[in-house]
Colleague: 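Okay, handing you the structure first.
Keep in mind that what you see is a predicted model, and the values were worked out from it rather than measured. Proteins get letters first, then strands, A, B, ... in listed order; numbering begins at 1 in each.
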There are 2 protein chains.
Amino acid sequence: MTITKENTKEIAGRSIFRSPRVSCVTCSLSELCLPRGLKKENLDKLDYIIKNSPPIAKGNHLYLPGDDFKSLFAIRTGSVKVYVLDKNGEEQIIGFYFPGEVIGFDAINKEKYICYAIALETLSYCKLPFEKMSLICAEIPEFQDQMFRLLSDEISTEHDLILTLSKRTADEKLAIFIMSLSNRFAKLGYSSTVFNLPMSRQEIGNYLGLAVETVSRVFTKFKRTELLDVDKKILSIKDKDALHALCGYNK
Amino acid sequence: MTITKENTKEIAGRSIFRSPRVSCVTCSLSELCLPRGLKKENLDKLDYIIKNSPPIAKGNHLYLPGDDFKSLFAIRTGSVKVYVLDKNGEEQIIGFYFPGEVIGFDAINKEKYICYAIALETLSYCKLPFEKMSLICAEIPEFQDQMFRLLSDEISTEHDLILTLSKRTADEKLAIFIMSLSNRFAKLGYSSTVFNLPMSRQEIGNYLGLAVETVSRVFTKFKRTELLDVDKKILSIKDKDALHALCGYNK
DNA sequence: TTTCCCAATTGATCTAGATCAATTATTGGG
DNA sequence: CCCAATAATTGATCTAGATCAATTGGGAAA
């Protein structure tokens with residue numbers, strides 16, 4: 001099946017789903033997201049251009065490859081999977097993204113999105129029009145700095161993934177993956193030890209370059225050796241030190 | 001051995017090595033490098049801040065992890081290997097860079113370099129002081145655009161590497177590697193079919209997540225099947241189509 | 001030129017993780 | 001609530017590529 005914007009259903013704008021107009025000034029993510037370190041008056045400028053979009057349901061796409069690049073997207077709640085399709089139509093996952101994280105940077109150069117971005121669960125997000133952002137960058141040095149930092153951060157994250165993929169065993173890959181989630185959730189103020197896995201085992205395997213069966217077996221092994229518990233989607237870390245040790249320097 | 005700036009010898013500034021002051025305006029790489037698409041008058045501003053450093057010899061480091069981040073580096077001639085050391089002190093190669101390419105982006109966020117960058121052969125480069133670059137970005141919109149494009153490009157390149165590392169066979173990895181070099185050399189105006197490999201087999205393997213022996217065996221196989229010839233460091237592509245086919249969508 | 005030292009190649013064997021296969025949850029649609 | 005489709009687990013086997021081992025080749029120093 002070819003995926004198009006048309007066959008990914010948008011949630012109806014029913015009042016129950018209609019989020020209040022959220023501003024960067026009051027957003028709980030402002031210390032993680034784009035606004036980090038910006039002064040109040042600059043935040044207002046940002047608020048002026050950022051479009052606080054209505055939530056979309058699980059399974060909907062934020063963008064598709066080939067769409068004209070207009071905006072970056074900041075995640076407010078929920079999670080996103082970014083992937084491409086290879087020559088055989090096989091999904092190849094590039095990353096999972098959570099609240100406070102910004103996606104779409106890889107489209108800047110090509111002026112088209114080159115990946116698929118799909119909501120793994122009900123998703124609310126802010127749309128960041130890139131042209132306008134560029135203008136504000138030129139105006140507010142702190143904001144330009146912050147943009148460069150975000151881009152740089154994305155590059156660092158991918159360096160880490162590169163090292164994980166090319167030099168680690170299945171056990172290490174999964175430990176690194178879990179610790180990465182744990183750390184990101186902790187930053188968001190959630191528990192670092194008990195959390196929900198919004199993606200399937202299949203998707204974890206795909207992302208880490210492992211077969212599903214291997215992911216499942218490593219989870220079973222980690223349960224047996226009391227590193228963690230995982231029941232369906234709920235994961236709880238029982239021996240953080242041991243997991244951390246498996247990660248080596250990463251994470 | 002711990003690597004420090006001190007034990008990487010700088011080439012003496014002997015007249016034979018002293019390069020003429022090269023400006024972006026006259027540089028043959030200006031259509032690939034930072035200046036791409038900039039108007040003459042803006043190029044002059046760029047020239048004013050860019051430091052055209054004296055060449056360094058093979059084996060010298062451009063920067064070390066932990067050094068304060070001051071500058072990006074644009075390669076003028078020669079090639080650079082960027083790597084980190086893992087917990088066991090093992091080298092982990094992040095990338096190889098050639099003329100017209102810019103390195104150091106991953107340091108912006110941390111304000112420290114996080115990788116090693118070493119010259120694989122005699123290297124000439126331009127030093128791009130980041131603070132000053134930021135100022136020019138705010139002044140010249142085209143220049144800001146170009147900076148964003150370069151960062152975005154780096155992210156795309158790493159996406160490609162991620163896909164290569166996690167989903168490809170040894171044959172495919174090597175084909176992708178060779179085609180990537182071929183394409184980059186072609187852009188520089190060099191032959192796309194005959195070129196020099198500035199890195200060792202060991203380094204190719206490290207970069208692609210393969211053992212040296214595997215790299216050697218795949219080269220032998222490619223020679224046997226007439227895809228290419230490789231004698232020591234000189235590689236010549238004999239069947240570009242077949243190599244391209246092995247790459248799938250990449251490159 | 002000779003010697004030393006790595007880099008590269010080639011062969012033999014081993015193993016982590018893939019693939020194939022079967023079974024048992026789970027989930028979502030009607 | 002039921003059923004069909006899908007996700008996850010577990011077991012058995014296979015294989016690409018790692019590892020171990022030995023040999024060859026080439027370049028730099030004297």
Side-chain angles (χ1 to χ4, degrees), chain A residues 1 9 11 57-60 81 88 90-93 119-122 164-178 196-225 228-235 246, chain B residues 1 9 57-59 81 86 88 90-93 120-122 164-178 196-225 228-235 246:
Chain A
M1 187 193 74
K9 58 206 148 34
I11 257 195
K58 172 177 174 170
N60 288 357
K81 171 177 80 175
N88 311 312
E90 299 281 337
E91 181 171 310
Q92 313 285 357
I93 299 173
L120 288 177
E121 50 199 322
T122 303
T164 299
L165 287 171
S166 66
K167 328 278 176 177
R168 304 308 197 120
T169 64
D171 288 13
E172 290 169 343
K173 284 179 177 181
L174 211 51
I176 290 169
F177 179 69
I178 293 164
N196 195 55
L197 298 170
M199 68 296 283
S200 69
R201 306 285 192 272
Q202 186 68 253
E203 288 168 327
I204 296 173
N206 182 304
Y207 177 63
L208 295 174
L210 297 172
V212 212
E213 295 93 328
T214 305
V215 173
S216 188
R217 276 184 253 269
V218 174
F219 269 143
T220 303
K221 180 178 174 182
F222 282 177
K223 280 194 264 188
R224 204 177 54 239
T225 54
L228 52 75
D229 258 327
V230 55
D231 177 39
K232 198 193 98 70
K233 299 282 188 189
I234 305 293
L235 187 144
L246 271 176
Chain B
M1 188 196 72
K9 58 210 142 42
K58 173 177 175 170
K81 170 176 80 173
D86 73 8
N88 310 312
E90 298 281 335
E91 182 172 308
Q92 313 285 356
I93 299 173
L120 288 177
E121 50 200 321
T122 302
T164 299
L165 287 171
S166 65
K167 328 275 177 182
R168 303 307 197 124
T169 64
D171 287 13
E172 290 169 342
K173 284 179 177 180
L174 211 50
I176 290 169
F177 179 70
I178 292 164
N196 195 53
L197 298 169
M199 69 294 286
S200 68
R201 306 286 192 271
Q202 186 67 253
E203 288 167 328
I204 295 173
N206 183 304
Y207 177 63
L208 295 175
L210 297 172
V212 212
E213 294 93 330
T214 304
V215 173
S216 187
R217 275 184 253 268
V218 174
F219 270 144
T220 303
K221 180 177 173 184
F222 282 176
K223 279 192 263 189
R224 204 179 52 241
T225 54
L228 52 76
D229 258 325
V230 54
D231 178 38
K232 198 193 101 71
K233 300 281 187 190
I234 305 294
L235 187 144
L246 270 176

Colleague: Carefully, step by step, assess Asn196(B) and Ile234(B) under the rule side-chain contact (heavy atoms from CB on, under 4.5 Å).
Modeller: CA-CA 5 Å; Asn196(B) 195 53; Ile234(B) 305 294; 3.5 Å; yes

Colleague: Sequence neighbours excluded, which residues qualify as side chain to side chain contact (heavy atoms under 4.5 Å, CB included) partners of Ser216(A)?
Modeller: none

Colleague: Donor-acceptor pair, Lys233(B) side chain versus Met199(B) backbone, under 3.5 Å?
Modeller: yes

Colleague: State which residues pass side chain to side chain contact (heavy atoms under 4.5 Å, CB included) with Lys167(A); sequence neighbours excluded, sorted by chain then number.
Modeller: Gln92(B), Asn206(B)

Colleague: For every nucleotide of nucleotides 23-30 of chain C, 5' to 3': is a protein heavy atom under 4.0 Å from its base (B), only from its sugar-phosphate (S), or from neither (-)?
Modeller: ---SS---

Colleague: Taking the side chain as every heavy atom from C-beta outward, state whether Leu174(B) and Ile204(B) have any atom pair closer than 4.5 Å.
Modeller: yes

Colleague: Figure out the CD1/C1' separation between Ile234(B) and dG27(D), and round it to whole Å.
Modeller: 15 Å

Colleague: For Tyr207(B), which residues count as a ring pair (Phe, Tyr, Trp, His ring centres under 6.0 Å) partner, sequence neighbours excluded?
Modeller: Phe96(B), Phe177(B)

Colleague: Along nucleotides 14-22 of chain C, 5' to 3', which nucleotides get a B, which get an S, and which get a -, given that the test is a protein heavy-atom distance under 4.0 Å?
Modeller: ---SSBB--

Colleague: Mind checking side chain to side chain donor-acceptor pair (under 3.5 Å) for Glu213(B) and listing every partner two or more places apart, or none if nothing turns up?
Modeller: none

Colleague: Report the residues that fulfil side chain to side chain donor-acceptor pair (under 3.5 Å) with Glu90(B), sequence neighbours left out, ordered by chain and then residue number.
Modeller: none

Colleague: Send over the distance from Asp229(A) CG to dT9(D) P, rounded to a whole Å.
Modeller: 12 Å

Colleague: Would you mind reading off the bend of the helix from dT1(C)-dA30(D) to dG30(C)-dC1(D) from its two end axes, five pairs each, to 10 degrees?
Modeller: 60°

Colleague: Taking only residues two or more places apart in sequence, or in another chain, which ones meet Lys221(B) in a salt bridge (charged side-chain N to carboxylate O under 4.0 Å, His left out)?
Modeller: Asp171(B)

Colleague: Contact list please: residues 199-207 of chain B against DNA chain C, heavy atoms, distance less than 4.0 Å, in numerical order.
Modeller: Ser200(B), Arg201(B), Gln202(B)

Colleague: Using a 4.5 Å cut-off on heavy atoms from C-beta on, say whether the side chain of Lys58(B) contacts that of Leu120(B).
Modeller: no

Colleague: Sequence neighbours left out, what passes side chain to side chain donor-acceptor pair (under 3.5 Å) with Gln202(A)? Give chain and number order.
Modeller: none

Colleague: How close do Val215(B) and Gly205(B) get, heavy atom to heavy atom, and via which atoms?
Modeller: CG2-CA, 3.5 Å

Colleague: Partners of Glu203(A) by salt bridge (charged side-chain N to carboxylate O under 4.0 Å, His left out), sequence neighbours excluded?
Modeller: Lys81(A)

